[in-house]
**Student:** 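One structure is given below, represented as structure tokens, and several questions about it will come after.
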Amino acid sequence: MFKNQLIANDIFYVGVNDRQKHKFENMIPLTNGVSYNAYLIMDQKTALVDTVDISFGDLFIDKIQSQLQGRTLDYLIINHMEPDHSGSLRIIRQYYPEIIIVGNAKTLSMVEGFYGLVENVKEIKDGEILSLGSHKLEFFLTPMVHWPETMMTYDQGEKVLFTGDAFGCFGTLDGAVLDTDMNVNRYWDEMVRYYANIVGKYGAAVQKALKKLTPIDFETICSTHGPVWRENISEVVDLYDQLSRYKGAEGVVIVYGSMYGYTELMAETVAQGLAEAGIKDIIIHNVSKTDSSYILQDIFKYKGLIVGSPTYSNELYPEVESLLRKIEIRGVKNRVFGYFGSFTWAGAANQRLKTFGETMKWPTAEISVEEKQGLKTENYQALLELGHQVAELVKLPYLESQHCG
Ligand code: FEO
């Protein structure tokens with residue numbers, strides 16, 4: 001019944017869209033949904049590349065059977081074991097008991113660990129080739145993008161690279177699958193948000209993978225999330241290169257927590273200082289209102305970060321503290337930093353923010369402001385100056401040594 005989209009000769013899209021789940025990994029809002037992409041190669045032997053979230057297992061089987069037309073499934077190639085892709089592994093094995101599960105040593109260990117499957121598995125090594133007939137599949141191990149077993153599969157004849165999560169993004173596929181058949185503008189920010197939240201810590205591993213891919217002449221990228229990339233390949237690879245180098249554009253994100261508006265007023269004043277100094281991309285986020293996945297997205301996009309927080313129970317405002325931990329965990333590099341705070345009877349916020357900047361090893365504005373109660377003229381001027389100083393730091397060129405993750 002299903003007419004699966006053709007990606008290249010004998011290669012069909014058999015993925016699904018998820019518009020039901022509210023939060024990816026139970027944490028990250030799926031505002032625009034997400035697709036779980038899987039691909040079926042119809043050759044002398046048939047091969048499925050990755051599976052989908054088990055919530056869509058029935059639909060997935062229907063799509064596969066529509067294509068196979070009674071043929072069997074010979075191989076299941078697993079590029080990534082996270083359950084949004086491996087979740088339908090057991091149901092596939094139930095329908096096709098003879099299927100050979102193909103993966104590297106770490107993959108197969110997880111196949112056993114997650115699903116208890118040890119029979120009919122084939123371990124492949126880096127650079128090994130599996131022939132399906134006319135299609136020759138070459139495997140590239142790309143560990144820690146963003147799990148230890150992650151790998152990519154290259155169809156040499158069709159020049160199609162199956163990349164797992166790499167080059168993926170949030171957002172469902174609404175009709176078309178190939179980027180040549182759609183307006184892709186809505187996916188760019190979702191690619192940054194995906195990268196910042198899911199892959200963000202592993203910039204060095206992504207750089208290593210990108211170098212490994214350099215000699216490969218691929219013309220199509222089949223990721224496990226979002227569009228199949230063909231006419232935007234250079235943009236997609238460039239974006240991944242920039243993100244994994246932690247190289248931000250000339251702009252500043254101001255994140256603040258504020259209970260009664262006093263710290264918010266400080267944030268607006270700093271923004272005015274940035275604008276006076278010529279910064280055109282200034283994004284202000286109220287940490288209590290904007291989900292942190294979007295704040296992290298913008299932090300990965302722009303070079304400057306300024307954080308403001310009230311003192312709360314002699315600590316940082318808890319929502320700000322939570323965000324700082326998320327930044328620390330990702331080891332975000334190459335940012336320039338500024339901070340300000342407020343308090344009513346005893347200040348502690350600025351000291352924590354200062355320590356945060358030192359921990360991250362980011363160049364930090366010399367001036368910082370910690371206001372007691374309402375904003376006074378002297379501190380108003382100092383906040384403008386904080387904006388000026390961060391603007392100057394943002395405008396300094398990146399040094400080559402700063403680039404790599
Ligand atoms: Fe889309 Fe790392 O799973």
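Start at 1 and go down the list; that is how both ligands and their atoms are numbered. Because only heavy atoms are used, hydrogens play no part in the values below, and waters and symmetry mates are left out as well, while side chains stay in.
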**Student:** At atom 2 (Fe) of ligand 1, what angle lies between atom NE2 of H146 and atom NE2 of H80, rounded to 10 degrees?
**Tutor:**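 Output for this angle: 90°, rounded to tens.
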**Student:** How many degrees, to 10°, between H85 NE2 and H225 NE2 as seen from atom 1 (Fe) of ligand 1?
**Tutor:**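 It is 90°, given to the nearest 10°.
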**Student:** Quick check on the 6.0 Å ring-centre criterion: do H225 and Y194 meet it?
**Tutor:**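 Ring centroids of H225 and Y194 are less than 6.0 Å from each other.
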**Student:** Taking the N/O/S atoms of D165 one by one, which is nearest to atom 1 (Fe) of ligand 1?
**Tutor:**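 This turns out to be OD1.
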**Student:** Evaluate the ring planes of F300 and Y246, with Trp represented by its six-membered ring, and classify them as parallel (under 30°), tilted (30 to 60°) or perpendicular (over 60°).
**Tutor:**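 Rings of F300 and Y246: tilted, as their planes differ by 30° to 60°.
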**Student:** For the residue pair Y240 and F167, does the interplanar ring angle fall in the parallel (under 30°), tilted (30 to 60°) or perpendicular (over 60°) class?
**Tutor:**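 It falls in the tilted class, 30° to 60°.
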**Student:** Please determine, by modelled atom types, if D18 and Y36 share a side-chain donor-acceptor pair under 3.5 angstrom.
**Tutor:**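 Yes - a donor-acceptor pair under 3.5 Å links their side chains.
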**Student:** Would K303 and Y398 count as a cation-pi pair here, with the cationic atom under 6.0 angstrom from the ring centre and within 45° of the axis?
**Tutor:**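 Cation-pi check for K303 and Y398: passes.
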**Student:** Tell me whether atom 2 (Fe) of ligand 1 has E82 as a neighbour, meaning an N, O or S atom of it below 2.8 Å.
**Tutor:**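 Yes, E82 qualifies, because one of its backbone or side-chain N, O or S atoms lies under 2.8 Å.
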**Student:** If I consider every N, O or S atom in D84, which one ends up closest to atom 1 (Fe) of ligand 1? I only need its name.
**Tutor:**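 This turns out to be OD2.
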